[in-house]
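This is a predicted model, so every value here is computed, not measured. In what follows, chains carry the letters A, B, and so on, assigned in the order in which the sequence lines appear, proteins first and then strands, with residues in each chain numbered from 1.
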Amino acid sequence: MSGVSLEIELSGIKLRNPFILASGFIDDDPSLLSRAWKAGFGALTTKSLTPKPREGYKPPIIAFTKAGYLNAVGLSNPGVDSLPRLLSKLPRESKVIVSIAGSTVDDFRYGAEKSNLDNVDIIELNLSCPHVKSMGMDIIHDISYSLDIIDAVVSTSDKPVYIKLGLTDTYLSLVSKALDKGVSGFTIMNTIKALAIDTASLKPILSNVYGGLSGPAIHPIAVRMVYEVYREYQVPIIGVGGVMDWEDVVEFIAAGASAVGVGSYLFLKPVESVKDLINDLMKFLEDNGYGNVVDLRGVAHKK
Amino acid sequence: MSGVSLEIELSGIKLRNPFILASGFIDDDPSLLSRAWKAGFGALTTKSLTPKPREGYKPPIIAFTKAGYLNAVGLSNPGVDSLPRLLSKLPRESKVIVSIAGSTVDDFRYGAEKSNLDNVDIIELNLSCPHVKSMGMDIIHDISYSLDIIDAVVSTSDKPVYIKLGLTDTYLSLVSKALDKGVSGFTIMNTIKALAIDTASLKPILSNVYGGLSGPAIHPIAVRMVYEVYREYQVPIIGVGGVMDWEDVVEFIAAGASAVGVGSYLFLKPVESVKDLINDLMKFLEDNGYGNVVDLRGVAHKK
Amino acid sequence: MNYVKAYVVDNIHVYRDVYHLILRTEIERLLPGHFIMIWIPEVEEVPMAPSLYRDGIMRITYKVVGETTGYMSRLDRGEKIYIRGPLGKPYKLNGYGRYLLIGGGVGVAPLIYSAHILSERGVEFTYVEGVPNSNYEMFIDEAISLGGEALLYTEDGSKGVKGYPTEYLKTNYRYYDYILACGPDEFNRAVYRLCREYGLNCQISFERIVKCGVGVCGSCVLEGTGLLVCLDGPVFNISTLYEYGYSP
Amino acid sequence: MNYVKAYVVDNIHVYRDVYHLILRTEIERLLPGHFIMIWIPEVEEVPMAPSLYRDGIMRITYKVVGETTGYMSRLDRGEKIYIRGPLGKPYKLNGYGRYLLIGGGVGVAPLIYSAHILSERGVEFTYVEGVPNSNYEMFIDEAISLGGEALLYTEDGSKGVKGYPTEYLKTNYRYYDYILACGPDEFNRAVYRLCREYGLNCQISFERIVKCGVGVCGSCVLEGTGLLVCLDGPVFNISTLYEYGYSP
Ligand SMILES: Cc1cc2nc3c(=O)[nH]c(=O)nc-3n(C[C@H](O)[C@H](O)[C@H](O)COP(=O)(O)OP(=O)(O)OC[C@H]3O[C@@H](n4cnc5c(N)ncnc54)[C@H](O)[C@@H]3O)c2cc1C
Ligand SMILES: Cc1cc2nc3c(=O)[nH]c(=O)nc-3n(C[C@H](O)[C@H](O)[C@H](O)COP(=O)(O)OP(=O)(O)OC[C@H]3O[C@@H](n4cnc5c(N)ncnc54)[C@H](O)[C@@H]3O)c2cc1C
Ligand SMILES: Cc1cc2nc3c(=O)[nH]c(=O)nc-3n(C[C@H](O)[C@H](O)[C@H](O)COP(=O)(O)O)c2cc1C
Ligand SMILES: Cc1cc2nc3c(=O)[nH]c(=O)nc-3n(C[C@H](O)[C@H](O)[C@H](O)COP(=O)(O)O)c2cc1C
Ligand code: FES
Ligand code: FES
């Protein structure tokens, strides 16, 4: 199609392009991950998997706001033991990031052990889910607890370990300490705790009352966090948050992201729509004389 | 016009309606505050005033994002000494909230002293500006420093003191401690630190690089904070953040806000447009059988 | 995709645990096969495919199977619930050809709505309803009043033809250009197999647990296919099902 | 309200510290009196009211007064800058009546653009430009080529009429239906006073420090009036100015 290369590397893993299915999206059945891979993603992230299966909250689990989406899925997932089954339909060359969640150090260690599979490329620790007690922001607000989890996982697994960050007062200091512990990269960012009240019923929409804000609303915050982490540490970053078109993608990469997560983009769209993002990025690179997406990385920092 | 009453009370101060001009908007000249009062606001907040006048940053000081606005005005203001002049054109019956900023306890005390004027109704402490070093989030991230400031102001002034909160890990604990110190209410919320990169130039747009995110993007986060603070403490709350239409207003009040701040709504609109918000709220109340806006307060909490 | 109010105009008991909920509401164009999410605050939100929507009046034909449908059955006139939609892909209906509408249980809801549309367009259709016994008859009269042919199949032979409606398909498929089906999973699987065998143009509506309704949570996957009932369906053409590896 | 690219086609030195920057760019309909923000990354963003915009080609007539305009003067062909707009309220131009366009300094930029529009519409206009001396003459030839009457006023009388262009207004105002003015503050004040006195229909364009350009920061207030140059202006009808208590 064109001479432009979209290939990138994340901690030694080669991806055919920088688009990564974000954690939490359509992967309850092996067939869904396989469809997403065929759709063209460079890598796929699983839902956050816990040691035991979780039902999640009852509907409504999502709400639409003017500037984004709220979700309180409640970390519904088939349990980390189901990982071999979940990945069973993926071809050899596919790239997989396993997201792990839990409420104890042992939960995460267990998840890391179970992720020690050939077709798993990266382990992502979800320390930042904003709508499940003891499984998310409660962790990342407590840096020393977070570091214990990181320690346990890094010593259990040989896979590159990424931390999924949320917006906290201290995330830059967590990044620095996590790097000392041997973390390879960061996925930035998770949703932000928020609330939507329906103006017809005057009730909170979500059954869980609070949910996580995603979509265009959080994009400028995610870009800031990517920019700050890249400025300080130049580590591999997966920028996630409000990617809705090529402009958002370009912003993330120019801010320093190596790869870009796609989540809310998929509201009401089939997973095949990722093709539009891929093509539009390609076109942007061509039009602006980039031979390689890697050359765009971090350019917003250049004087 | 109709039998519906929009009158509210904030810490004993009667407002003709719950709409408050948010801090930072068009008040560099006495004529601007007077025009805003005539436009129909229930109260007016001044820009955050510092002991000395501040120039602020050079343009670009604002950026448009898909879901909101970024600003890095840099707390430009004519200095708190100019307060009598700023307020000089307002009629007796107008209601004024003076926002104070600073980088030391003494700065805030000085601001409180200078705000001890007859036509000042409430003092708001801006502890949460996200784009000026040592004058904003640096303060509110440090609860004990924040409490020192609050102590100094509460003991200096007889006016009701409100705290302008930003999104922090610990804001609920700050609220509780601030109430113990004699704070009367809370303005929720300030902007969130964020970044926009222009995809034409691939440079950060704002001269300050980082800015504060406002508008629709932050609304669900602000609603959540209002809801949480109301649920725990039932104190007077001014809900600010992404009020763009009556739905956002209704959400804030149903979540527990006594009054509603209007800020980004004014991008590219004359201040007189607040009339639409006032009329639409009136209509909502009428259509839904509320005789009084006060009856709507906190209804989203009711079982 | 915000909620709109829906006022209960009536809540008609049909038989045993089946009701027609008649709602007054204003949502966008909702076609046969489309579904909506019905939200009852502090209870739950559930998917329903209306059996009619016209002039701001919506009919939901539902069966009480649990908490939310139980709550629905106790709704009184004038009460208010909240809906969002339309969601999903509806049946594709042409203005020509001969249609067979075949289903069972409350699954027939979107079929009878299809019958209304086909009737308006002057298209010939046969409506075949399968039920356990004569007490469960649902839309036969309505189908006839719309000018269609209508056949009832009962498992016990208490009325109409004894047996399953798939029998009708087996013997009469040559007569039809288009098949629209909707029913329990087992029924849908049988229809799929037959229509594939006979090479028919057939659309089937499926049910799965719908949580988000907008294609992001994965809850409603048609196992093994990667297809989402809420986004790619609930109505699927069998050629799509085949392409995605549906194997009943 | 995002930035669009603008490519430098030319950067023409007019005299001393005044230049025409010719840009190729695609923005929405920009009328005489509208302004844009010109952003030079890592330098600054400044407001400019183009002296012409047509077929994707924009002319900015600017005077070097500081860092950003200094930087602008060093832009070469092919270089890229960024603009957003159009912003503010433009001159209201009718297709009839007799117009007097009166200004001084680079302030005349939106006036000559107005002259282009009036000329296209076949409307009669007189263009009066006031400058310190003959070296500063700017758009007299252009105005004549547009079929208008054009008069130069110089302070030292080195060319045209000696004196200020307000003199022209004083003696000839009866002849005009509409006055468009733009110039330094002192000039604008004088025009305001005269037009109020004579009861003329007059629009004046003002300059203040524009920072946000969208009516939120308050930096560009016309002191004492509560009017914002970036949002309510930069072009004001003198009746609005009067209503808001402008008192020069
Ligand atoms: C596209 C679609 C259209 C439907 N149309 C109709 C209709 O017209 N009439 C009708 O009676 N029913 C319809 N259903 C099924 C209906 O949604 C369920 O019967 C209802 O959700 C049960 O809720 P409950 O709380 O009463 O039951 P629960 O006690 O929650 O569960 C009882 C059973 O209902 C089913 N169910 C529960 N939750 C859901 C859910 N979120 N999504 C789907 N099924 C669920 C499961 O099989 C479950 O075992 C439709 C389902 C789908 C997916
Ligand atoms: C609506 C409008 C239209 C304008 N159109 C033109 C035009 O067509 N041609 C032209 O030469 N000039 C125009 N100006 C003025 C122009 O914006 C300033 O000359 C320019 O901003 C100076 O920038 P600087 O960095 O070179 O100067 P600086 O060194 O920053 O300042 C020099 C002087 O320029 C003025 N100035 C500085 N910053 C601003 C600002 N943000 N907004 C307004 N004035 C400022 C002040 O008077 C200041 O004292 C216009 C101004 C406005 C408000
Ligand atoms: C429905 C939904 C489910 C999600 N589930 C998870 C999850 O299980 N684990 C996780 O780390 N993040 C989860 N997220 C967060 C996303 O991975 C992503 O970080 C966030 O949505 C921001 O990206 P977006 O704006 O592109 O959606 C979920 C988000 C949504 C909307
Ligand atoms: C241009 C601009 C300037 C602001 N200046 C201040 C300020 O001086 N002090 C302050 O407390 N908040 C300031 N804010 C924050 C607003 O008061 C308000 O909290 C925030 O914008 C969220 O409300 P909104 O979404 O309605 O704009 C400013 C916001 C903007 C957009
Ligand atoms: S219900 Fe969530 S993907 Fe279909
Ligand atoms: S420049 Fe900010 S209000 Fe006009």
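Listed options B:Leu70, B:Ile192, B:Asp198, B:Leu296 were ranked by heavy-atom pairs under 4.5 angstrom with chain A; first place goes to B:Ile192. When each of A:Lys193, A:Glu251, A:Glu247, A:Lys66 is checked for heavy-atom pairs under 4.5 Å with chain B, A:Lys193 comes out on top. Considering only heavy-atom pairs separated by less than 4.5 Å from chain A, the leading option among B:Ala63, B:Gly68, B:Ala67, B:Gly211 is B:Ala67. Most heavy-atom pairs under 4.5 Å with chain A, from the set B:Leu167, B:Thr65, B:Leu195: that is B:Leu195.
If you measure heavy-atom distances from B:Phe252 to chain A, you find no contacts under 4.5 Å at all. Both the backbone and the side chain of B:Thr168 come within less than 4.5 Å of a heavy atom in chain A.
Of all residues spanning residues 213-227 of chain A, those with a heavy atom less than 4.5 Å away from chain B's heavy atoms are A:Leu213, A:Pro216, A:Ala217, A:Pro220, A:Ile221, A:Val223, A:Arg224, A:Tyr227, arranged by number. For residues 233-246 of chain A, heavy-atom neighbours of chain B at less than 4.5 Å comprise A:Asp245, A:Trp246, sorted by residue number.
Remark: side-chain polar atoms of B:Asp169 are not paired, donor with acceptor, to backbone N or O of A:His141 under 3.5 angstrom.
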* Could you walk me through whether B:Asp248 and A:Thr199 pass side chain to side chain contact (heavy atoms under 4.5 Å, CB included), step by step? => CA-CA 9 Å; B:Asp248 304 318; A:Thr199 51; over 6 Å; no

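Closest heavy-atom contact between A:Lys203 and B:Lys302: NZ-O, 2.7 Å. Pairing each heavy atom of A:Pro204 with each of B:Ala300, the nearest pair is CD-O, 3.6 Å.
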